[in-house]
Amino acid sequence: MRKLQFLPLLVMFFVLQSATTVDPIDSVAELFKQGNATELTKQMAPTLDVSLLKKEETYSNTQAGIILSKFFTQNKPKSVKVLHRVNTSNAYRLGVLLLTTDKGAFRVSFTLNGTKGVLQIIDLRIEAEKA
């Protein structure tokens, strides 16, 4: 009976620990909702592929941050909805978002890749949402 005395505390510890873990896809989605290019830049790999409204190029994370900042200035985010997520691996994630702005809706897809628990954006695509 004495052994079961600490079982509720142990269960509560594991429940709280799993509840505080934030999914990286949700984290990126929240940064898009805020229009926070600075924090998004911190989530990027040193170089990444960026496709913005049919213009595709490989940029440094600093250049990609400048491009995103300009995009957010021209398109003020209103809301974000996660449309699709792939969580099959701790080293690879894929997210697809519907970003609604004051100028229209955009489909945002991104790939997160990494090692040792640190995931970075290696591919980012923003295209106009087809009605």
Side-chain angles (χ1 to χ4, degrees):
M1 185 69 174
R2 186 139 173 99
K3 292 179 184 178
L4 294 176
Q5 177 179 358
F6 296 105
L7 184 62
L9 286 174
L10 186 62
V11 169
M12 179 120 55
F13 173 76
F14 285 112
V15 168
L16 287 175
Q17 186 178 18
S18 65
T20 59
T21 304
V22 177
D23 186 294
I25 293 171
D26 292 332
S27 176
V28 171
E30 183 60 30
L31 293 174
F32 267 95
K33 182 179 179 184
Q34 297 169 5
N36 194 335
T38 304
E39 288 301 314
L40 277 166
T41 302
K42 294 176 185 177
Q43 303 278 331
M44 295 177 187
T47 59
L48 65 150
D49 294 327
V50 177
S51 176
L52 179 61
L53 304 175
K54 299 186 181 184
K55 183 176 187 252
E56 211 168 322
E57 193 70 45
T58 300
Y59 295 105
S60 71
N61 58 3
T62 305
Q63 291 170 315
I66 292 167
I67 291 167
L68 271 179
S69 182
K70 184 177 177 182
F71 174 80
F72 288 138
T73 300
Q74 296 171 349
N75 302 280
K76 304 271 188 254
K78 288 184 169 181
S79 67
V80 170
K81 179 180 177 185
V82 177
L83 296 177
H84 185 70
R85 68 176 76 225
V86 175
N87 289 338
T88 57
S89 167
N90 287 336
Y92 177 85
R93 304 281 172 97
L94 173 80
V96 179
L97 313 173
L98 177 60
L99 173 65
T100 305
T101 70
D102 61 345
K103 300 272 175 69
F106 297 89
R107 182 175 292 261
V108 178
S109 61
F110 57 93
T111 304
L112 297 162
N113 196 3
T115 58
K116 300 178 184 173
V118 178
L119 293 172
Q120 296 179 317
I121 300 170
I122 60 166
D123 182 59
L124 176 64
R125 297 181 165 287
I126 301 174
E127 47 198 25
E129 176 68 1
K130 298 169 182 82

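Atoms considered below: every heavy atom in the structure, side chains included; atoms not considered: hydrogens, waters and symmetry mates.
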Q.
Restricting to ring-ring contact (aromatic ring centres under 6.0 Å, His included), what partner residues turn up for Tyr59, sequence neighbours left out?
A.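 For Tyr59, no residue satisfies ring-ring contact (aromatic ring centres under 6.0 Å, His included) once neighbours in sequence are set aside.
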(Q) Please enumerate all residues that pass ring-ring contact (aromatic ring centres under 6.0 Å, His included) together with Phe110, with sequence neighbours excluded. (A)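 Expected list: none.
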Who are the side chain to side chain contact (heavy atoms under 4.5 Å, CB included) partners of [X], not counting sequence neighbours?
X: Ser79; value: Thr100
X: Lys33; value: Glu30, Val80
X: Val82; value: Ile25, Asp26, Ala29, Arg85, Leu97
X: Asn36; value: Leu31, Gln34, Thr38, Glu39

Suppose we screen for side chain to side chain donor-acceptor pair (under 3.5 Å). Which residues come up paired with [X], at least two apart in sequence or across chains?
X: Ser60; answer: Gln63
X: Thr62; answer: none
X: Ser51; answer: Arg125

Q.
Quick one, Leu52 and Ile67 - any side-chain contact, counting heavy atoms below 4.5 Å?
A.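 Sidechains of Ile67 and Leu52: in contact.
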Q.
Please list all pairs meeting side chain to side chain donor-acceptor pair (under 3.5 Å) that have one or both residues in residues 101-113, counting only residues at least two apart or in different chains.
A.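 Of all non-adjacent pairs touching residues 101-113, those that pass side chain to side chain donor-acceptor pair (under 3.5 Å) are Arg107-Glu129.
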**Q.** Inter- and intrachain pairs under ring pair (Phe, Tyr, Trp, His ring centres under 6.0 Å), touching residues 62-90, at least two apart
**A.**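 Those involving residues 62-90 are Phe32-Phe72, Phe71-Phe106.
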**Q.** salt bridge (Lys or Arg N to Asp or Glu O under 4.0 Å) partners of residues 88-97, not counting sequence neighbours, each pair once
**A.**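 Found Asp23-Arg93.
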